[in-house]
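Presented below is the structure to which this report refers.
All values reported here derive from a predicted model rather than from experimental measurement.
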Amino acid sequence: MSTRWRNWAGTEEVTPARVATPATTDEVAAAVKTAVTDGLTVRAIGSGHSFTGAAVAPGLQIRPDRLHGVLAVDADSGLVTVGAGLPLHRLNPMLAQHGLAMEILGDIDRQTVAGAVSTGTHGSGERFRSISNQIRALELVLADGSVVTCSREERPELFEAARVSIGALGVITKVTLQCVPLYALRAVDAPMPLDETLDGLDELVAGNDHFEFFWFPHTTTALTRRFQRLPGDAELNPMSTLARTLDDKIVTNIGFEAMLRLGTRFPGLVPGITRFVTRAVSSRDFTDLAPNVFASHRDVRFREGEYAVPRAVIGDVLRELRQWVDTHDEKVSFPFEVRFVKSDDIWLSPAYDRDVAYVAFHQYHRMPHERWFSVCEDILGAADGRPHWGKMHRLTAADLAERYPRFGDFTALRDELDPAGVFANPYLDQVLGHTLHQTSPTVTDLQ
């Protein structure tokens, strides 16, 4: 079976030479061994939500659809072991049945568990780290087809590297997560003047369990989101079906898509569209179980890049970006999204050894994005920003080696485990460099 594969954003596509849909770790190992014998590279894909080529598989494409079970649950300790291909939107209700939840989630829940942790998916909150920091053990199939388990106690060096690895070290087959008791979130969405938001960021971030905001270029308003954590048995006051339909469907999806199609034909309308959408997004105050609050529905296709900059410089960075928009004729139809994450010790985490603010920049998929993304990368990169591994960026291994103190340790371990580049692909060649004995291109069909 070989079919054309395309990611959600339409930024990457490939026809793999071979496709496998294993249901067990042993079947993954057998598929890897056969591929190596046949001279094929190997990539495991998730749900296709990375904007980069991280999941592009010209050789053997391993699809995770059947690696989807909840394999073990200890409600007392909160330790839960799942198949790596289980999507987050299916995991969350399964955890709730046991009175458990993920400690943090991002703003979409379509990713598989392995895909989310491999690219460093994060939420927002100065006391909370990325999803990868919830991992307590990983099972992987290595390039020679062997199966290993790693944790802080067992193969700790591999564990430190594999929690954010972009699939470069092996195929993740099982993940053990440290979950927390089920909890609710009170969400308060409200517009604020952008200058007031930037001036009060420290208080807003410290005063809420989770704080983030969106800001459309060509406007002077921030759309803020404040979440307070409540016990799982708190009284819920969920958003009404009508309100969710009006805001999430009509304003931010169906209606937004229609306006952006018009803006594509008539770019001069774009600033007015962004101002209209900013005014149309309503204030909201509701309480629901955490997965129902963290995750948003996304129908409108877009391109996205994202950098993590040191927490202390976020105000200066955003003001510089605003100044550029105000002094140039660039029509930007999508907002910035700004979130805050606590430092960690994962080698390839953008939050390695420092608290960060993530700045995501976007553009509608039918509109040109190259100049705008280049400007964002220039400004965020000059602030010592590190790119999200699943979002579009132009950096190379030489650039990234200067930004990650443990970059050399990671690539040395990668070369030890996979010297022939079994798990390589064009994106990994760009961001990690070639492996020790990688002698031929990994791309056979990217057209």
Looking at residues at least two apart in the chain, or sitting in another chain, which of them share a side chain to side chain donor-acceptor pair (under 3.5 Å) with Arg110?
-> none
With sequence neighbours left out, the residues meeting salt bridge (Lys or Arg N to Asp or Glu O under 4.0 Å) with Asp285 are Arg186
Can you tell me if Gln363 and Ser333 form a side-chain donor-acceptor pair at under 3.5 Å?
-> yes
Do Tyr404 and Trp389 have ring centres separated by under 6.0 Å?
-> yes
For Arg394, all residues meeting side chain to side chain contact (heavy atoms under 4.5 Å, CB included), sequence neighbours excluded = Ser374, Glu377, Asp378
Asp399: salt bridge (Lys or Arg N to Asp or Glu O under 4.0 Å) partners, not counting sequence neighbours = none
Does a sphere of radius 6.0 Å around CZ in Phe128 hold more than 12 heavy atoms from other residues, nucleotides or ligands, not counting ones at 6.0 Å or beyond?
-> yes
Got a sec, which pairs hit salt bridge (charged side-chain N to carboxylate O under 4.0 Å, His left out) with one end in residues 49-58, sequence neighbours left out?
-> none
Taking the side chain as every heavy atom from C-beta outward, state whether Pro64 and Ile45 have any pair of such atoms under 4.5 Å apart.
-> yes
Compile the donor-acceptor pairs under 3.5 Å between side chains in residues 200-208 and protein atoms, sequence neighbours left out, one pair per line.
unit_1: Asp202; atom_1: OD1; unit_2: Arg311; atom_2: NH2; d: 2.9
unit_1: Asn208; atom_1: OD1; unit_2: Gln228; atom_2: NE2; d: 3.0
unit_1: Asn208; atom_1: ND2; unit_2: Leu204; atom_2: O; d: 2.7

Considering the options His369, Glu12, Glu304, which one meets the side chain to side chain contact (heavy atoms under 4.5 Å, CB included) requirement together with Met392?
-> His369
Side-chain touch Thr278/Pro191, heavy atoms, less than 4.5 angstrom = no
For Glu212, the salt bridge (Lys or Arg N to Asp or Glu O under 4.0 Å) test, sequence neighbours excluded, returns none
Quick one: which residue pairs count as a salt bridge (charged side-chain N to carboxylate O under 4.0 Å, His left out) with a foot in residues 129-142, not counting sequence neighbours?
-> Glu139-Lys174
Phe361 ring center near Trp215 ring center (under 6.0 Å) = no
Classify the ring geometry between Phe256 and Phe334 as parallel (under 30°), tilted (30 to 60°) or perpendicular (over 60°).
-> tilted
For Asp65, the side chain to side chain donor-acceptor pair (under 3.5 Å) test, sequence neighbours excluded, returns none
Have Arg229 and His210 got a donor and an acceptor in their side chains that come within less than 3.5 Å?
-> yes
Pairs meeting criterion side-chain hydrogen bond (donor to acceptor under 3.5 Å, both in side chains) with involvement of residues 77-93, two or more places apart | Asp74-Ser77, Thr81-Thr176
Could I get the full list of salt bridge (Lys or Arg N to Asp or Glu O under 4.0 Å) partners for Arg6, not counting sequence neighbours?
-> none
So, Ser343 and Arg354: side-chain donor and acceptor under 3.5 Å apart, yes or no?
-> no
What residues, two or more places apart in sequence or in another chain, satisfy side chain to side chain donor-acceptor pair (under 3.5 Å) together with Gln134?
-> none
